[in-house]
Amino acid sequence: MISILLAASLIFTAEDADVAWETARTLVDECTPRDAGTVRGKIAAYKVLDMVSATGADAELDVFDAQTPRGKKRFHNVYSFLKFDPTNDEYVVIISHFDTKSGVACPGANDGGSTTGLLTGLANAVMRDRSIDGNLMLVWTDGEECMDYYGQNDGFWGSKRAVQEIKRRGIKVKAAICVDMLGDKDLKITIPKNSSRALAKIACYAAKKAGDEKLVSTIDDLVKDDHVAFLEAGIKSICLIDFEYGGAPGSGYWHTPEDTMDKLSKQSLLRSGRLLTGMLDVLFTKRSQSSSNGEQNKQNKNN
Ligand SMILES: [Zn+2]
């Protein structure tokens, strides 16, 4: 009977992984590098807007100015609101940055490109099924990368802005999931310590349910990423990141001209996408079950 009460699960398919791949490839081929505050950074934001719109989803650009170590710069976030539950105001927010590290001519195939693609792939999955049992806000951030050292006016401009916009618009957020570097052929997703434990459990459960238990592990390290602005705003947040990219964490191809498409695989994008839809399934279903418990109990009695 539950299948009658709950909408069909969102499934990330090979077609969605293709969309993710094409998104990353387009950014790499047409917008390398795309450092925040540069013309190519701006073009990248418009490309993302176009590619999300091509899935049928509505997307909007949020243009804002902020101080940086190089003076005042202009930034461009992209948002897509996928509201499918008219009885519920809460959103699950998924965040990926699309900018590249300034000054290192990095194509950012994995660091920025892969997860920008994952979110576009998710939009594609949602628009194909049009039946998700909840509300999703997709956030593509500009200016995740710092110019010198992370600090008050250096780095995370886009996520700080997104949190401000969420507050300003009165959007209720159930959970925020930040994804970063999830297209590596050799995929090992980690959950840093500064993530919500409840969401970490859901991620591990979703991996297990997908038969991909070894995909995800928790680590004792703290990772600075776009989820921090959400954590600081008191929003349950998690970071899913594969920081081991062609070498020890924080070395290899990371932030180098070697971060190119040949290091990625569609299979990894598919696995990452399925992990996200598995998490959404739990996050959406949790509310559906609690809100429809009365009805389910009634049905159980009838059975
Ligand atoms: Zn980076």
Side-chain angles (χ1 to χ4, degrees), residues 20 24 27-28 33-36 94-119 139-141 143-151 154-156 158-159 176-197 199-200 202-204 206-207 212-231 237-265 267-276 279:
L27 288 183
V28 168
R34 48 190 179 279
D35 310 3
I94 305 185
I95 311 125
S96 162
H97 76 94
F98 63 82
D99 61 310
T100 48
K101 177 72 181 166
S102 66
V104 290
C106 178
N110 198 24
D111 189 3
S114 64
T115 49
T116 295
L118 269 185
L119 266 61
V139 176
W140 291 264
T141 59
E144 182 269 343
E145 305 283 3
C146 63
M147 291 181 182
D148 297 324
Y149 304 101
Y150 283 114
D154 201 359
F156 304 132
S159 47
I177 304 169
C178 166
V179 288
D180 206 353
M181 301 176 71
L182 298 188
D184 184 4
K185 273 180 183 167
D186 179 21
L187 190 62
K188 292 186 198 82
I189 302 178
T190 56
I191 302 169
K193 203 174 181 179
N194 54 336
S195 295
S196 151
R197 284 184 64 185
L199 292 176
I202 290 174
C204 294
D212 207 356
E213 198 171 353
K214 288 186 179 162
L215 180 63
V216 178
S217 60
T218 54
I219 53 171
D220 275 337
D221 301 316
L222 303 174
V223 169
K224 287 180 180 171
D225 212 331
D226 273 338
H227 69 305
V228 172
F230 288 82
L231 283 177
S237 313
I238 186 172
C239 180
L240 301 170
I241 185 166
D242 178 3
F243 209 23
E244 209 176 295
Y245 183 40
S251 67
Y253 311 129
W254 179 63
H255 287 178
T256 73
E258 302 300 311
D259 182 5
T260 46
M261 289 303 288
D262 56 308
K263 316 297 190 311
L264 273 52
S265 78
Q267 182 61 20
S268 292
L269 292 169
L270 184 64
R271 291 169 75 195
S272 297
R274 284 189 175 160
L275 177 66
L276 286 175
M279 288 182 72

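In this chain, residues are counted from 1 in sequence order. Computed over heavy atoms, backbone and side chain alike; hydrogens, waters and symmetry mates excluded.
Residues Glu244 and Asp242 have side chains in contact (heavy-atom distance under 4.5 Å, counting atoms from C-beta outward). When side chains are defined from C-beta on, Arg274 does not count as touching Asp212, because their heavy atoms never get closer than 4.5 Å. Using a 4.5 Å heavy-atom threshold, the side chains of Asn194 and Cys239 count as separate. For the pair Phe156/Lys224, a side-chain contact is recorded, criterion being any heavy-atom separation below 4.5 Å from C-beta on. Ser268 is not listed as a side-chain neighbour of Asp184, based on a closest heavy-atom distance of 4.5 Å or more.
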Exercise. Given the rule in the side-chain contact (heavy atoms from CB on, under 4.5 Å) test, do Asp180 and Asp226 qualify, once you have shown the distances and angles that lead to the verdict?
Worked result: CA-CA 9 Å; Asp180 206 353; Asp226 273 338; over 6 Å; no

For this session: May I have the step-by-step check of side-chain contact (heavy atoms from CB on, under 4.5 Å) for Lys188 and Asp186, ending in yes or no?
Result: CA-CA 7 Å; Lys188 292 186 198 82; Asp186 179 21; 2.9 Å; yes

Problem set entry | Ile241 and Thr190: CA distance, side-chain angles, deciding distance, side-chain contact (heavy atoms from CB on, under 4.5 Å) verdict | CA-CA 5 Å; Ile241 185 166; Thr190 56; 3.8 Å; yes

For this session: Could you go through the side-chain contact (heavy atoms from CB on, under 4.5 Å) check for Val179 and Ser272 one step at a time?
Result: CA-CA 9 Å; Val179 288; Ser272 297; over 6 Å; no

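One finds the CZ atom of Arg271 at 8.0 Å from the OG atom of Ser265 (value rounded to the nearest 0.5 Å). Note that the CD1 atom of Ile95 and the CD1 atom of Ile238 stand 11.0 Å from one another [nearest 0.5 Å]. Taken to the nearest 0.5 Å, the OG1 atom of Thr256 stands 13.0 Å off from the NZ atom of Lys101. Of the inter-residue distances, the one linking Thr100 atom OG1 with Glu145 atom CD reads 7.5 Å to the nearest 0.5 angstrom. Once rounded to the nearest 0.5 Å, the distance linking CG of Leu199 with SG of Cys178 reads 12.0 Å. Atom CG of Asp225 sits about 9.5 Å away from atom OG of Ser195, to the nearest 0.5 Å.
Under a 3.5 Å cut-off, the side chain of Arg34 and the backbone N or O of Gly108 do form a donor-acceptor pair. Using modelled atom types, no side-chain atom of Asp154 and backbone atom of Cys146 make a donor-acceptor pair closer than 3.5 Å. Here the side chain of Ser96 pairs a donor or acceptor atom with the backbone of Thr116 at under 3.5 angstrom. Formation of a donor-acceptor pair under 3.5 Å by the His97 side chain with backbone atoms of Gly158 is not found in this model.
Scanning all heavy atoms of the two residues, the minimum distance from Ser251 to Gly247 falls at OG-C, 3.6 Å. Of all non-hydrogen atoms in Met181 and Trp254, the two that sit nearest each other are CE-CD1, 3.4 Å. Counting all heavy atoms, side chain and backbone alike, Ala24 lies closest to Gly113 at CB-O, 3.5 Å. The nearest pair of heavy atoms linking Phe230 to Ser237 is CB-OG, 3.1 Å. Heavy-atom minimum distance, Asp99 versus Gly143: CG-N, 3.3 Å. Between Val28 and Ala109, the closest heavy-atom pair is CG2-CA, 3.6 Å.
Ring planes of Tyr245 and Tyr253: perpendicular class, angle over 60° (limits at 30 and 60°).
Of the residues Leu187, Asn110, Leu182, the one that meets the side chain to side chain contact (heavy atoms under 4.5 Å, CB included) test with Leu264 is Asn110.
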